[in-house]
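One structure is given below, encoded as structure tokens.
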Amino acid sequence: MTQIGKGPVSAPPIQPQTPTETYQKSTLGKVVQGWETTIGDIPTAVKDTLVKTAHNVLHPIEYVREEIDTIKKNPLAFIKRLAIKAGTIGIAFLSPPLGAMLGAAMTAAMFVTPTYQFAVAKSESEIRTTAHGTAQQLVSYAANYAVGKASRFVIDAVKARGSASIGETHARKLKEPLIRNKELNVENYKRFRGVAQEIQQEVRKQYGEVLAKNNLSPADIELALNQKDMRLKINEETFNILEGMALKQMGGFDSQTVQSLALPDMRTIRRYTGKLGSAYDLMDANKAITRGVKKNVLDGKSLTLKAEEALALQRGLGKDDFAALTEAGLGADEIQSVRSFADRAATAEGGKYFLLASKEVDRLKTVPALKRAMTGEMMKDMGFRNFEELDTRSMLMLMQDTRMEEISSVEAYVKNANQLLAKGVRDYATIDRTFEKGLLGKLGVSNETLDKMQANGWENKPDTAIEQYRGVRDVLRVLPEDARSGAIDLLDKGPAPEAFAENLTQFLDEKISSSFEEKGIAESFLATFKGDVEKANFLSSYARLPAEVKKSIFTGLDETGALDKQIVDRFQGVIEERFKVKMNRQAGAIADRQDPNVVDWDPHGSLQLFNGLEKMSVKGQLPEKLEGTTYFRTSGEYGTFGYQFSKSGKDYVTIGDFALAAPNRDEGIGLPSGEGTIVHESGHAMQLGGPHLDWSAKREDKLDAEVMKNWSRLSDWRETNRSLADGKTRDQSGKFVSYYKDPATQVGNRGLVASDYGATDPAEDFAEFARYFYSEPVAAMKLSPEKYLFLNDFAGGKFSPQQVMAHSEMAGLGSGTVQKAVDGLRSKFEKFGLPNEGSYKMN
Ligand SMILES: [Zn+2]
């Protein structure tokens, strides 16, 4: 469930500036003005491009937002349009010389690549990387523009000394593809760029020949040029300024550090930091590099190694372990590659496997060998056996698959894979398909039916077979029992996948229709659903709505009025009175921030909200910590299923529309994913304080940190320098600042964390564990009796001592387990005391 986000979501307010203002203020603007005075007028088309570029680079986030909106509508057309535009600029440039055309070619390169990236850029870190990419493109654009100009001056200088003309011939060559193809599409653009590159190479070659023939040294030429004007000098400064700008804006380096560095070192650092996967790593690398520069280490290679060393130490490696990596000949980029692989493949446990790599580096030597060794170790730790003959990619895919599943499915997945691997199966698709069929079996589909499905073409296309089985599973999994057996009956008739899909839709529509006496209500619901999964989610939620609530919401509606609004109004009345929370009905804003994605609640969302809150209540009352929380609904492509944030001591929880239509793969059977999201986000709101503390103004970070640290103790979440993770760090002024999903924060006992997503951060660990605690308490108890008991206490005693004992028994735990967990908690919280501990005095 990688889509669930908590996010503090306090985007800095955008200060709108017109492109021209930005441009005038920008370094780039100054550079271009410099060119104008020394080179002469720059054509308007190019100037406009530069103005826009300067604006975009200085306001990357704003740019990305705008671009995403445009590109989403039609990515291909957008790229094409830009290519054509770039072509026009190129044509406008045909009369001036070579350099300008190279510049135009680079303009095209600059636009096409990043805009394409924007089409897929979604998460914050991707946006950062993309913005960084834009800066890099800008640097290379200006650089090539400058190189182009310089080439021309060199040619002029060489010509002046009696050499053959090379400029004209090649300018014609470049002109040709543009003239021949009046419209520059992507293909033509590529050709155009190819020619431009060819010319550049040719110029270099001929330049060399001319130098040799005339017995000139490059220094002679440079001298001649430098005597003539300062243009080369300007070009050099352009590099310096632009590299420095990229380092400052995208790497967060201060002016003093940047000014201390030479151009090649700046470049090394920019390339290295550009590849860092998280903002936290970037921050830490920045600190290490800045510290190094202060100590007068000015060489890019040493500085980036220092950054990697800092990141390694944060993940629990010793200085010796890091030295082993460098002594084996690995450079900063290679070490980064090994470390970030470990971070990605083993969330919050990267340090453990990175350490292993440092121990094995003498023997294994290369980056791929180290990655393979780490992967094997991860597989072993997850319980996989007999996988040694698989390639690394298959291993990673097997592990990736388990990340989408809930606890008991993961167990089943590993068990199934091990059986097949022991039989000599080496094909990933076979292993995965067998597992999917196994899960269908668990949901009540008989082997006979599965055989019929196979005979009727369900596996004809191996690529789509898994997706088809998964699609069925997603619907069956969430349906209430009677509807599930009805859907299985449809499968049992053995239709081909396409026919089954049609039958299923019809079946679900009928189920929904027959749920309501008034036909209008069903129609009103059906009109809003996005596909079968959402319909199944709805049936599940509706089936679990308490009878008296069902009656008070769905009977006696005025069929002549808007049914949706009446239903939501009624839900609002029930929810706000019963749970003492607020449902936001105002569209367009959240807290004091405008947000067009915020919409009014709809009936389906209200239904899931009711069920989620009801589930978290004890005897009809929501935990005190959640009272006063405002619940929002968001629509559109929000990027997350939901998120929680706090402002002025108040909690806000939003649930995204598409959480309602999402399949449930990591919830208990019969539960929709949106409800899990509501519990997850409410879990954040509980852990991170809440209005019950009656703070009139700002949330007290210190107390939040204490609560987080208590939770961290239970699975041994450690920050850098091995202190318990509290989600806070102090900035230079000593103020508490939140951190979130810092990859340097490592978990000591991953086995006690409920999901892979929960393993990203102690806050996500809490929210994910809460989801299990409320939806599948037996699974939560089995995973960690201590965490179960801690949360039970924290959440106001959701389960009675009798229920606690029953859950322990159902989880198959021994009779002394609960008592042992109580003792464990007492030993851990001696200092803080455990409130309500009396409730665990078992007999
Ligand atoms: Zn979360």
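None of these values were measured; they are calculated from a predicted model.
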> Does any non-hydrogen side-chain atom of Val425 lie less than 4.5 Å from one of Thr434?
Replying inline: no
>> Check this for me: does any side-chain nitrogen of one of Arg363 and Glu360 sit under 4.0 Å from a carboxylate oxygen of the other?
In response: yes
> Side-chain contact, heavy-atom cut-off 4.5 Å: Ile335 with Thr326?
Replying inline: yes
>> Testing the 3.5 Å rule here: is there a donor-acceptor pair between the side chains of Asp299 and Ser302?
In response: yes
> According to the side chain to side chain donor-acceptor pair (under 3.5 Å) rule, which pairs have a member within residues 743-752, sequence neighbours left out?
Replying inline: none
> Could you give the distance from CE (Met266) to OG (Ser260), rounded to the nearest 0.5 Å?
Replying inline: 10.0 Å
> Got more than 12 heavy atoms from elsewhere within 6.0 Å of NZ, Lys782?
Replying inline: no
>> Under the criterion side chain to side chain donor-acceptor pair (under 3.5 Å), I'd like the reasoning laid out for Thr290 against Asn286: C-alpha separation, chi angles, the key distance, then a yes or no.
In response: CA-CA 6 Å; Thr290 307; Asn286 174 317; 3.0 Å; yes
>> I'd like to check the salt bridge (Lys or Arg N to Asp or Glu O under 4.0 Å) partners of Lys294; sequence neighbours left out, ordered by chain and number.
In response: none
>> Less than 4.0 angstrom from a charged side-chain N to a carboxylate O is my criterion; do Asp333 and Lys301 meet it?
In response: no
> Are the side chains of Thr760 and Tyr740 in touch, meaning some heavy atoms are under 4.5 Å apart?
Replying inline: no
>> Between Asp281 and Asp343, is the side chain to side chain contact (heavy atoms under 4.5 Å, CB included) condition met? List the steps.
In response: CA-CA 11 Å; Asp281 287 346; Asp343 279 350; 4.2 Å; yes
> Under the side chain to side chain contact (heavy atoms under 4.5 Å, CB included) criterion, do Thr304 and Ile269 qualify, and how do the steps go?
Replying inline: CA-CA 6 Å; Thr304 49; Ile269 294 169; 4.2 Å; yes
> Can you name the closest pair of heavy atoms from Val367 and Ser337 and give their distance?
Replying inline: CG1-OG, 3.6 Å
>> Check Glu389 with Arg426, please: is the shortest side-chain N to carboxylate O separation under 4.0 Å?
In response: yes
>> For Thr375 versus Lys371, what's the shortest heavy-atom pair and its separation?
In response: OG1-O, 2.6 Å
>> For a quick check under 3.5 Å, do Tyr739 and Asp761 share a side-chain donor-acceptor pair by atom type?
In response: no
>> Rounded at 0.5 Å granularity, tell me how far CD1 in Ile431 sits from CG in Asn416.
In response: 7.5 Å
>> Within the structure provided, determine whether Lys306 and Val297 are in side-chain contact (heavy-atom separation under 4.5 Å).
In response: yes
> When you measure from the side chain of Asp726 to the backbone N and O of Val707, does any donor-acceptor pair fall under 3.5 Å?
Replying inline: no
> So, Lys787 and Ser715: side-chain donor and acceptor under 3.5 Å apart, yes or no?
Replying inline: yes
> So do Trp711 and Met708 actually touch side chain to side chain, heavy atoms under 4.5 Å?
Replying inline: no
> Of all heavy-atom pairs between Ala357 and Met374, which one has the smallest distance, and what is that distance?
Replying inline: CB-SD, 3.9 Å
> Does Asp321 pair with Arg315 as a salt bridge, N-O distance under 4.0 Å?
Replying inline: no
> So how far is it from Leu317 CG to Glu309 CD, rounded to the nearest 0.5 Å?
Replying inline: 10.0 Å
>> Looking at every non-hydrogen atom in both residues, tell me the closest pair between Ala725 and Glu719 and how far apart they are.
In response: CA-OE2, 3.5 Å
> Are Phe790 and Phe829 an aromatic pair by the rule of ring centers under 6.0 Å?
Replying inline: yes
> Which atom names give the shortest non-hydrogen contact between Val753 and Ala759, and what distance separates them?
Replying inline: CG1-N, 3.6 Å
> Between Ala328 and Val361, what is the shortest heavy-atom contact and its length?
Replying inline: CB-CG2, 3.5 Å
> Side chains of Glu406 and Ser409: is there a donor and an acceptor less than 3.5 Å apart?
Replying inline: yes
> Looking at residues at least two apart in the chain, or sitting in another chain, which of them share a salt bridge (Lys or Arg N to Asp or Glu O under 4.0 Å) with Glu388?
Replying inline: none
> What do the steps show when you test Asp401 against Arg403 for salt bridge (charged side-chain N to carboxylate O under 4.0 Å, His left out), and what is the final call?
Replying inline: CA-CA 5 Å; Asp401 279 339; Arg403 305 212 154 110; over 6 Å; no
> How many angstroms lie between atom NZ of Lys287 and atom CG of Leu311, to the nearest 0.5 angstrom?
Replying inline: 11.0 Å
> Is the shortest distance from a Lys or Arg side-chain nitrogen in Asp265 or Arg267 to a carboxylate oxygen in the other one below 4.0 Å?
Replying inline: no
>> Contact between Arg718 and Leu724 at the side-chain level, heavy atoms closer than 4.5 Å - yes or no?
In response: yes
> Is a donor on one side and an acceptor on the other found under 3.5 Å between the side chain of Glu349 and the backbone of Val747?
Replying inline: no
> Is Leu783 close to Tyr772 at the side-chain level, that is, under 4.5 Å between some pair of heavy atoms?
Replying inline: no
>> Nearest 0.5 angstrom please: Ser358 OG to Leu370 CG, how far?
In response: 9.5 Å
> Just wondering, do Asp254 and Lys248 contact through their side chains at under 4.5 Å, heavy atoms?
Replying inline: no
> Does a side-chain N-to-carboxylate-O contact under 4.0 Å join Lys352 and Glu377?
Replying inline: no
> Between Thr402 and Phe384, does a side chain to side chain contact (heavy atoms under 4.5 Å, CB included) hold up when you go through it step by step?
Replying inline: CA-CA 11 Å; Thr402 64; Phe384 287 102; 4.1 Å; yes
> When rounded to the nearest 0.5 angstrom, what is the spacing between CG in Leu714 and CZ in Phe769?
Replying inline: 9.0 Å
> Quick one: do the Tyr428 and Asp432 side chains pair a donor with an acceptor below 3.5 Å?
Replying inline: yes
> Where do Thr366 and Glu334 land on the side chain to side chain contact (heavy atoms under 4.5 Å, CB included) test, with the steps shown first?
Replying inline: CA-CA 9 Å; Thr366 67; Glu334 286 169 305; over 6 Å; no
